[in-house]
Amino acid sequence: MALWGGRFGSGPADSVAALSRSVDFDWRLAPYDIRVNLAHLDGLIAAGVIASGNGEVIRAGLKALGNEILSGKFRYNNSDEDVHSAIERGLVAKIGAIGGALRAGRSRNDLVVTDFKLYLIDHMLEIAALTTELVESFNVQSLATVEIIAPGFTHLQHAQPIVFGHELAKHSQALLRDIDRIGDWLVRNSFSPLGAGALSGSGLQPNPEVSAQALGFDGVLGNSIDAVSDRDFAAEALFVIAMLGVHLSRIGEEFTLWNTTEFSWVVIADEYSTGSSIMPQKKNPDIAELARGKSGRLVGNLTALLTTLKGLPFAYNRDLQEDKEPVFDSVETLLLLLPALTGMVATAKFNGEKISSGAHSGFALATEIADYLAKKSLPFAQAHEIAGQCVRFCESANKELHELTDSELNSIHPELKSDLLGFLTVSGAIASRTSSLGTSIDSVTEQISQLNNATKEAKLWISNEVALFSGMMKP
Ligand code: ARG
């Protein structure tokens with residue numbers, strides 16, 4: 001059923017109806033459309049546009065329809081253009097022509113963007129909650145591996161020794177920033193567009209603050225033209241999702257690398273691996289690879305929406321119907337990916353012996369020599385040069401730095417005394433890095449305890465927000 005037609009001599013051509021139709025994807029907004037209609041109804045009753053007797057009939061109809069949508073009893077059909085038309089059809093079928101009274105004082109332009117915002121708030125909170133579970137699994141694994149010594153890499157080359165828990169805990173830091181970004185996003189975007197009407201506000205809906213509050217928003221947007229045009233909230237959500245996706249991708253890449261026969265740092269549990277149809281021996285890290293692969297579409301969806309918005313005239317244009325599919329796809333991709341990745345991380349077994357075995361190779365202690373000389377007040381540039389000479393000597397003598405003898409050290413530079421050898425151990429190098437962000441075992445243990453606190457805080461914040469929004473205007 002179309003919500004227009006009075007001024008047309010005929011209905012749309014089949015090709016036009018097919019092009020115009022969005023209900024196959026925007027049906028996801030149906031529960032939110034019911035919520036928004038209920039809030040709008042209250043406004044119309046308060047403004048005296050709908051008599052309270054009729055208002056109660058409409059409210060009961062909307063609630064019943066809302067429940068039928070949730071149970072799957074009511075669905076859109078082939079004649080429905082979009083979710084809003086389908087719901088009006090369902091309401092009129094239930095309570096008669098009076099169902100059409102709800103259209104007063106609102107347009108699909110403010111309705112659709114309000115529905116969409118509520119959908120995103122719900123789902124961004126769900127994504128935040130799932131992300132905290134991934135953070136928790138990293139926190140647990142980090143603490144369990146805080147005493148495993150590992151080579152730290154730059155340029156994928158051995159750089160300096162670290163503890164492995166430090167390596168894992170870095171992911172929790174990045175993921176907590178993603179959760180934080182969802183919080184910022186919510187604060188900035190918790191403003192209702194309802195009441196903007198087609199673009200200029202409505203004389204029939206004088207008090208949009210009331211519906212905004214009923215829907216759980218912090219307030220009403222400040223300009224009706226902006227309210228129906230604004231998709232910043234969707235683009236920003238897609239950025240937050242893409243950034244999170246990029247983090248998941250880098251986690252995926254790391255596990256894929258660590259899972260190679262050459263590394264053998266991690267064993268991925270059978271439930272989180274897949275096999276090959278031809279090579280019976282294969283056990284592949286497909287979850288990690290999918291985490292890496294799916295980030296591509298998350299970045300693509302952000303680009304798609306920004307490109308749609310660029311240069312678009314203000315107020316509503318039908319181009320804006322293109323805002324939804326990229327968002328639904330990004331949201332649903334994360335809802336699939338996050339639990340699987342969390343399971344993979346939580347059940348992964350790290351091979352401490354293998355991880356530690358290479359920690360001192362690749363001249364990973366060269367910085368210790370430079371630091372030793374710098375502590376003796378040599379300018380660091382000179383200290384760096386001398387440490388480099390030690391590396392060159394070891395390369396030609398085919399030995400590691402900690403294998404240098406007193407006399408070899410002395411021949412390279414007289415300030416290189418025998419006490420240096422006491423500093424040339426991986427455990428010494430690690431133990432010396434005691435600053436708050438450093439790799440000493442104590443520092444990393446403290447970092448993990450702060451991560452645990454931050455994760456708890458995030459979970460509390462999320463459950464408060466979820467309670468706020470889910471308590472609002474449910475059918
Ligand atoms: N299906 C449309 C969308 O998703 C709803 C708004 C239609 N408004 C209009 N003036 N044609 O954007």
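Computed from a predicted model, the values in this text were never measured in an experiment.
Listed by chain and residue number, E236 satisfy the side-chain hydrogen bond (donor to acceptor under 3.5 Å, both in side chains) test with N189 (two or more places apart in sequence, or in another chain). For Q450, the side-chain hydrogen bond (donor to acceptor under 3.5 Å, both in side chains) partners two or more places apart in sequence, or in a different chain, are E446. In this view, E325 satisfies the salt bridge (charged side-chain N to carboxylate O under 4.0 Å, His left out) rule with no residue, not counting sequence neighbours. Under the salt bridge (charged side-chain N to carboxylate O under 4.0 Å, His left out) criterion, K399 pairs with E408, not counting sequence neighbours. S427 is linked by a side-chain contact (heavy atoms from CB on, under 4.5 Å) to I149, T425, counting only residues two or more places apart in sequence or in another chain.
Counted by atom type alone, Q160 and T367 present one or more donor-acceptor pairs between their side chains at under 3.5 Å. Residues S361 and E400 have side chains that never bring a donor and an acceptor to within less than 3.5 angstrom of each other.
A cation-pi arrangement is present between K324 and F116 under the rule of less than 6.0 angstrom and at most 45 degrees off the ring axis. Remark: R188 is not positioned above the aromatic ring of F233, lacking an NZ or CZ atom under 6.0 angstrom from the ring centre and at most 45 degrees off the axis.
Each ring-ring contact (aromatic ring centres under 6.0 Å, His included) pair with one or both residues in residues 158-190, not counting sequence neighbours, appears once here: F138-H171, F153-H158, F164-W258, F164-W265, F164-F350.
A distance of 12.5 Å separates CZ in R21 from CG in L19, rounded to the nearest 0.5 Å.
With contacts defined as side-chain heavy-atom distances shorter than 4.5 Å, the pair P193/V228 does not qualify. Put simply, the side chain of M344 reaches to within 4.5 Å of the side chain of L341, judged on heavy atoms.
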